[in-house]
Chemist: 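Questions regarding the structure given below will be posed in turn.
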Amino acid sequence: MPQEEKTTATRSNEDRYDAQRIETKWFERWQQDQSLYAAEPNSTKPKYYVLEMLPYPSGALHMGHVRNYSIGDALARYMWMNGYNVLHPMGWDSFGLPAENAAIQNNTPPREWTLRNIANMKAQMKRLGFAYDWAREVTTCLPEYYRWNQWFFLKLYEHGLAYRKKSKVNWCPKCATVLANEQVVDGCCWRHEDTLVEQRELEQWFLRITKYSEELLRDLEKLGGWPEKVRTMQRNWIGRSAGTLVDFDLGGTVGPAGSTITVFTTRVDTIYGATSVQLAPQHPLVADLTANKPELRAQVDRLIAEQRKAREVGDIGEIEKHGVNTGRFALNPFTREPVPIWVANYILMDYGTGAIMSVPAHDERDYEFSKKYSLEIRLVILPKAADLDETVAEPSLPVTTLNGSLVNSGPFNGMDCEEAIQKMSEHAEKHGFGKAAVTYRLKDWGISRQRYWGTPIPMLYCEKDGIVPVPEKDLPVILPEKVDITLTGGSPLGRVPEFVNTICPKCGGPARRETDTMDTFVDSSWYFYRYTDARNDKAPFDSKTVAYWFPINQYIGGVEHAILHLIYSRFWTKFMRDMGLVQNDEPVERLFTQGMVIKDGAKMSKSLGNIVTPDEMVARYGADAARLYSLFAAPPDRDLDWQDAGIEGIQRFLGRVYRFAVRNAPKAPVETQLAASPAPPETSPATSLTPEARQIQRKLHQTIKRVSDDFQGRWHFNTCIAAIMELVNDLYSVENRVARAPSPAEGIPTVLLAESQRALVLLLAPFAPYLAHELWEMLGEKGSLLRAPWPKYDPALAKEDEIELPVQINGKLRSRMVVSADAPEDVVHDRALAEEKIRVALQGKQIVKVIVVPGKLVNIVAR
RNA sequence: GCGAAAGUGGCGGAAUUGGCAGACGCACCAGACUUAGGAUCUGGCGGGGAAACCCAUGGGGGUUCGAGUCCCCCCUUUCGCACCA
């Protein structure tokens with residue numbers, strides 16, 4: 001190659017990296033082939049289902065989306081290149097409140113607003129070059145999708161898993177609708193963190209997710225590919241607690257005849273020490289206890305106010321314990337002793353039974369409370385340690401250990417706590433005043449929403465036949481278009497007579513439709529099954545097709561869905577399995593939660609004005625640069641601090657790659673220089689290479705190894721992109737050295753150069769697809785880059801010939817020496833001691849020990 | 001209060017099993033090419049010191065030939081849980 005061509009860059013337009021030109025060219029080509037990223041039907045390849053969480057079409061993509069999809073797209077492309085049949089779809093979680101709010105503000109119908117946003121965001125995704133199979137696109141707000149929500153609802157109803165009940169529900173005044181428990185955070189609405197959720201008594205549809213409480217908990221053990229953090233959050237949310245229900249008899253003094261107070265306890269072994277019963281202020285019996293006692297009622301109301309206030313502050317744990325004595329008594333069924341009934345502000349109605357037995361000697365809260373009100377404290381458990389220690393007369397209270405034995409407990413004296421819990425539960429059950437029980441924090445999923453933009457619940461109310469499901473053949477129940485959606489006066493659908501008024505399919509008489517719509521988390525509970533068979537109009541999907549693709553091999557999204565979407569969709573899968581629709585117990589094999597994109601130390605948000613938009617980045621730097629930077633700036637599981645200057649560095653790097661390729665573009669078709677397959681060992685044996693060529697070859701194989709390893713393991717794309725940069729830096733540095741060399745024979749063999757360029761393009765393909773395609777074409781390659789085999793590395797060629805070993809004296813660096821990489825230990829040992837600097841430093845000292853760590857260092861211990 | 005993760009140059013971040021702390025990138029400095037440079041190429045770049053060297057991974061102890069990495073105590077940040085009976 002003539003030297004003039006290899007010197008530093010010239011200013012010609014040809015070798016300028018013009019991201020817009022390259023990306024526009026390929027963007028247009030990709031638009032013409034809609035099947036480019038389609039999965040192969042009847043493929044013999046192994047399948048791989050990679051999925052990013054579908055977005056809500058809010059209007060435009062933000063950088064968090066770009067990051068999420070850049071990770072998924074890199075993986076999808078990598079798996080394609082590794083010979084997998086890849087499913088990589090995308091869709092729109094397109095029902096929901098923002099569309100209604102926008103409609104109210106801009107006077108645009110929700111449907112129009114939503115579809116316009118989808119069109120915009122889809123165009124953005126395409127421009128960013130994400131490889132989605134758009135033929136499988138799912139849009140949850142269209143009847144072709146939501147009819148299956150309705151179908152599933154009917155199936156749930158048939159199986160007794162959907163039911164209607166009147167109950168206290170969470171109401172957000174700003175959303176003007178009911179919320180699920182999962183949508184309440186610290187007593188406030190998940191969308192309005194400053195808005196306290198109210199309790200309203202309403203008739204609502206619930207899904208019986210609690211039927212699967214135990215399995216949802218147990219199967220978390222199977223999800224080894226999930227972050228431990230997410231599993232812990234789900235475990236906490238399900239909140240399993242094993243204990244005993246015990247009825248305290250009221251002796252007919254309170255409430256209807258035979259009324260009892262049922263308490264839940266995990267420590268029934270301490271029941272002989274129960275010296276009071278505590279009720280939540282909202283407990284139903286409180287009404288009877290306070291009947292004709294306005295003074296008492298007022299005190300209870302004060303307790304309720306205290307609870308509310310603590311919730312508001314979001315710190316119920318810090319509430320000062322207060323209680324009132326009702327003056328009534330309940331019988332401890334074990335001792336037949338009457339104990340006073342109190343109402344206390346620290347007892348929660350929504351946990352357990354809303355009533356507890358108070359055992360001050362063996363529970364910290366009960367101890368604190370009973371001390372305050374001078375209630376009796378009765379010791380019934382002796383810790384083992386205190387038994388042995390003669391000098392301690394009384395163990396310090398409260399004693400909460402399970403490692404003790406019972407005293408003052410009648411026939412149960414002397415038993416271990418564990419044994420006593422079992423025996424006493426059996427005893428209670430045998431005598432009809434209790435039983436072993438498991439309680440969960442998880443409650444049934446309330447899905448009714450008093451809003452317009454959602455799936456209509458396919459139910460009718462007939463005066464004669466009561467609740468009647470819409471017959472399957474009448475699905476979908478279409479969401480009407482022209483609806484007044486202002487926030488006043490309950491469900492908007494209730495104001496559409498032609499929707500509400502219908503005919504009962506049973507009796508033919510008049511009937512009213514349900515006017516609430518479904519929680520949008522219903523939509524996302526099963527959408528990923530629909531992708532496998534997205535255009536099916538006979539069923540939500542074909543079970544055989546699902547069996548081929550499921551479970552999802554890799555799911556990628558934000559950790560904010562750890563308990564909402566990710567627990568609902570696990571429930572949905574288990575229900576569908578029990579229906580025989582799917583075979584898998586769990587929808588997602590591996591879950592990856594990427595970090596947030598932040599800027600200037602805060603999450604990007606309009607109100608803070610620290611927004612960087614993808615459109616802006618694509619226009620200024622190109623899609624490749626935006627994507628590559630979102631992967632390079634931080635490991636994907638950590639938060640990413642966006643810096644505008646950082647993306648410029650990435651753009652420079654892409655320019656360096658491009659210019660190197662242009663300078664060294666093959667003069668003849670590649671086929672004549674290089675065998676068709678990338679088989680480096682044969683094409684360029686290490687032995688005959690100049691040091692420069694060998695350096696490139698070694699770096700090339702090391703880089704392939706590093707990038708491949710990262711995809712297989714840690715997904716630290718920041719370091720593997722850094723590795724590719726190092727390779728490019730080495731290519732530049734060798735190019736420069738060769739250009740300055742006296743003899744042309746020092747050059748890099750054309751074959752090795754071509755091999756390096758080819759591998760470089762392949763390594764970049766998952767991260768920067770536009771540039772990779774451009775260079776692939778420039779190399780004269782004809783086949784699809786997406787299906788080109790991922791490069792292989794040869795460990796022998798990746799190995800260093802010589803290494804620089806540090807030589808330490810007492811752990812301090814004193815010298816360095818270059819040795820052959822496989823030099824035997826004794827040679828390294830002798831060389832180290834012969835080093836000039838070492839000899840000087842060791843003068844007057846005595847060598848105690850020499851530690852040689854092959855390939856790492858030498859440390860001489862001397863005194 | 002309990003649990004988890006994190007804390008490394010001016011900045012984002014490397015250091016996969018205890019083995020040269022600071023890879024890669026940004027910013028900055030210098031040189032080259034240039035009418036010009038917000039382009040490109042080359043080199044420098046933790047702090048102190050003239051140098052030999054010394055000091056440095058939130059702070060303090062410890063284990064070890066050797067600690068960013070392991071152990072103990074403490075501080076800060078983020079996240080999760082929080083009177084769960």
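Predicted model only: the values in this text are computed from it and were never measured. Below, chain A is the first sequence line, B the second, and so on; all start at residue 1.
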Chemist: Just to verify, which of Thr275(A), Ile261(A), Thr265(A) counts as forming a side-chain contact (heavy atoms from CB on, under 4.5 Å) with Met357(A)?
Modeler: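 For Met357(A), the side-chain contact (heavy atoms from CB on, under 4.5 Å) check succeeds only for Thr265(A).
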
Chemist: Taking Lys443(A) for the side chain and Tyr440(A) for the main chain, is one N or O donor matched with an acceptor at less than 3.5 Å?
Modeler: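 A pair under 3.5 Å: yes.
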
Chemist: Give the nucleotide from the list C84(B), C24(B), C55(B) with an atom nearest to the side chain of Phe632(A).
Modeler: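 Closest nucleotide among those given: C24(B).
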
Chemist: For Asp363(A), answer base if it contacts any base atom (sugar-phosphate contacts may also be present), sugar-phosphate if it contacts only those atoms, and nothing otherwise; contact means non-hydrogen atoms under 4.0 Å.
Modeler: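 Contact class for Asp363(A): none.
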
Chemist: Nearest to the side chain of Thr265(A), which nucleotide is it out of C55(B), A85(B), C65(B)?
Modeler: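 Of C55(B), A85(B), C65(B), A85(B) is nearest to the side chain of Thr265(A).
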
Chemist: Tell me the partner of U69(B), counting only Watson-Crick (N1-N3 plus N6-O4 or O6-N4) or G-U wobble (N1-O2 and O6-N3) with both under 3.5 Å; none if nothing fits.
Modeler: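 Across all strands, not a single nucleotide pairs with U69(B).
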
Chemist: Nearest to the Thr719(A) side chain among C81(B), A15(B), C11(B), which nucleotide is it?
Modeler: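 Nearest listed nucleotide: A15(B).
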
Chemist: With rounding to the closest Å, how many angstrom separate the P atoms on C71(B) and G3(B)?
Modeler: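 The same atom, P, in both gives a distance of 15 Å.
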
Chemist: Give a yes/no on whether any side-chain N or O of Asn718(A) is located under 4.0 angstrom from OP1 or OP2 of G25(B).
Modeler: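 Answer is no, no contact under 4.0 Å.
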
Chemist: Could you tell me whether G31(B) is syn or anti, where syn means a glycosidic angle within 90 degrees of zero?
Modeler: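 Here G31(B) takes the anti form, which means its glycosidic angle is more than 90° from 0.
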
Chemist: Determine the contact category for Ile721(A): base if any of its heavy atoms lies under 4.0 Å from a base atom, sugar-phosphate if only primed atoms, P, OP1 or OP2 are that close, otherwise nothing.
Modeler: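 Counting heavy atoms under 4.0 Å across all strands, no contact is made by Ile721(A).
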
Chemist: Would Glu368(A) and Arg365(A) pass as an ion pair if we require N to O under 4.0 Å?
Modeler: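 Between Arg365(A) and Glu368(A) there is no salt bridge, as every charged N stays at least 4.0 Å from the carboxylate O atoms.
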
Chemist: Classify Arg814(A) by what it touches in the nucleic acid, base, sugar-phosphate, or nothing, heavy-atom distance under 4.0 Å.
Modeler: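 Arg814(A): backbone/sugar contact only, no base atoms under 4.0 Å.
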
Chemist: Report the relative orientation of the aromatic rings in Phe711(A) and Phe717(A); use parallel for angles under 30°, tilted for 30 to 60°, perpendicular for over 60°.
Modeler: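 Ring orientation, 0 to 90° scale: tilted.
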
Chemist: Between G19(B), C81(B), G13(B), which nucleotide has the shortest distance from any of its atoms to the side chain of Arg441(A)?
Modeler: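 For the Arg441(A) side chain, the nearest candidate turns out to be C81(B).
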
Chemist: Would you please name every residue forming a side-chain hydrogen bond (donor to acceptor under 3.5 Å, both in side chains) with Thr210(A), sequence neighbours left out?
Modeler: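 Residues passing side-chain hydrogen bond (donor to acceptor under 3.5 Å, both in side chains) with Thr210(A): Asp444(A).
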
Chemist: Return the nucleotide paired to G3(B): Watson-Crick means purine N1 to pyrimidine N3 with N6-O4 or O6-N4, wobble means G-U with N1-O2 and O6-N3, both under 3.5 Å.
Modeler: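 Looking at the geometry, G3(B) pairs with C79(B).
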
Chemist: Return no unless some side-chain N or O of Tyr732(A) is found under 4.0 Å from OP1 or OP2 of C41(B).
Modeler: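 For Tyr732(A), the contact criterion (side-chain N or O under 4.0 Å from OP1 or OP2 of C41(B)) is met.
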
Chemist: Check every strand shown and say whether Ile851(A) touches a base, only sugar-phosphate, or nothing at a heavy-atom separation below 4.0 Å.
Modeler: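 Result for Ile851(A) = base.
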
Chemist: Is the phosphate of C41(B), meaning OP1 or OP2, less than 4.0 Å from a side-chain N or O of Arg656(A)?
Modeler: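 Looking at the OP1 and OP2 atoms of C41(B), one of them is under 4.0 Å from a side-chain N or O of Arg656(A).
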
Chemist: Relative to the 5' end of RNA chain B, which residue comes earlier, Ile356(A) or Lys229(A), by the nucleotide with the nearest heavy atom?
Modeler: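 Looking at RNA chain B, the more 5' nearest nucleotide goes with Lys229(A).
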
Chemist: Can you identify which nucleotide, out of C41(B), C26(B), C84(B), has its nearest atom closest to the Arg652(A) side chain?
Modeler: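 Within the option list, the nearest is C26(B).
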
Chemist: Distance between the P atoms of U34(B) and G68(B), in whole angstroms?
Modeler: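 These two P atoms come out 49 Å apart once rounded.
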
Chemist: If you find the nucleotide of RNA chain B closest to Arg267(A) and the one closest to Gly649(A), which residue's nucleotide is nearer the 5' end?
Modeler: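 Looking at RNA chain B, the more 5' nearest nucleotide goes with Gly649(A).
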
Chemist: Is there, by distance only and without an angle test, a donor paired with an acceptor across the side chain of Asn236(A) and the base of C81(B) below 3.5 Å?
Modeler: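 Answer is no: no donor-acceptor pair is held.
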
Chemist: So, is Lys599(A) near the phosphate of C11(B), with a side-chain N or O under 4.0 Å from OP1 or OP2?
Modeler: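 False: Lys599(A) side-chain N/O out of range (4.0 Å or more) of C11(B) OP1/OP2.
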
Chemist: With sugar-phosphate meaning primed atoms plus P, OP1 and OP2, does Asp709(A) contact a base, only sugar-phosphate, or nothing at under 4.0 Å between heavy atoms?
Modeler: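 Nothing, no nucleic acid heavy atom in range.
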
Chemist: Determine the contact category for Glu368(A): base if any of its heavy atoms lies under 4.0 Å from a base atom, sugar-phosphate if only primed atoms, P, OP1 or OP2 are that close, otherwise nothing.
Modeler: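 Touches nothing.
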
Chemist: When the ring planes of Trp642(A) and Tyr629(A) are compared, do they come out parallel, tilted or perpendicular, using 30° and 60° as the limits?
Modeler: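 Ring orientation of Trp642(A) relative to Tyr629(A): perpendicular.
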
Chemist: Quick one: which of C26(B), G19(B), A85(B) gets closest to the side chain of Lys856(A)?
Modeler: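 Among C26(B), G19(B), A85(B), the one nearest the side chain of Lys856(A) is G19(B).
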
Chemist: Does a side-chain N or O from Arg714(A) land closer than 4.0 Å to OP1 or OP2 of A15(B), or not?
Modeler: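 Yes, such a contact exists.
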
Chemist: Return the nearest nucleotide to the side chain of Met725(A); candidates are G19(B), A14(B), C24(B).
Modeler: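 Selected nucleotide (nearest to the side chain): C24(B).
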
Chemist: Rounded to whole angstrom, note down the P distance from G66(B) over to G1(B).
Modeler: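 One P to the other, the span is 38 Å.
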
Chemist: Considering only side-chain heavy atoms of Glu648(A), which listed nucleotide, A27(B), G13(B), G12(B), is closest?
Modeler: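 The nucleotide sitting nearest to the side chain is A27(B).
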
Chemist: Do the side chains of Arg814(A) and Glu835(A) get close enough for a salt bridge, i.e. N-O under 4.0 angstrom?
Modeler: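 The answer is no: the pair does not qualify as a salt bridge.
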
Chemist: Can you see if the side chain of Thr232(A) gets near the phosphate of G3(B) - specifically, an N or O under 4.0 Å from OP1 or OP2?
Modeler: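 Checking Thr232(A) against G3(B): no side-chain N or O falls below 4.0 Å of OP1 or OP2.
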
Chemist: Which base sits across from C41(B) as a Watson-Crick or G-U pair, both distances under 3.5 Å?
Modeler: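 For C41(B), the partner nucleotide comes out as G31(B), under the 3.5 Å rule.
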
Chemist: OP1 or OP2 of U42(B) sitting under 4.0 Å from any side-chain N/O of Asn736(A)?
Modeler: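 For U42(B), OP1/OP2 do have a side-chain N/O of Asn736(A) under 4.0 Å.
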
Chemist: Find the partner of G25(B): check Watson-Crick (N1-N3 plus N6-O4 or O6-N4) and G-U wobble (N1-O2, O6-N3) distances, both under 3.5 Å, and reply none if neither fits.
Modeler: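 By the stated definition (distances under 3.5 Å), C11(B) pairs with G25(B).
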
Chemist: Ignoring backbone atoms, establish whether Arg659(A) has a side-chain N or O less than 4.0 Å from OP1 or OP2 of A39(B).
Modeler: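 Negative; the distance criterion is not met.
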
Chemist: Remember a base hit wins even if backbone is also touched, and classify Gln808(A) as base, sugar-phosphate or nothing at under 4.0 Å, heavy atoms.
Modeler: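 It contacts base atoms.
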
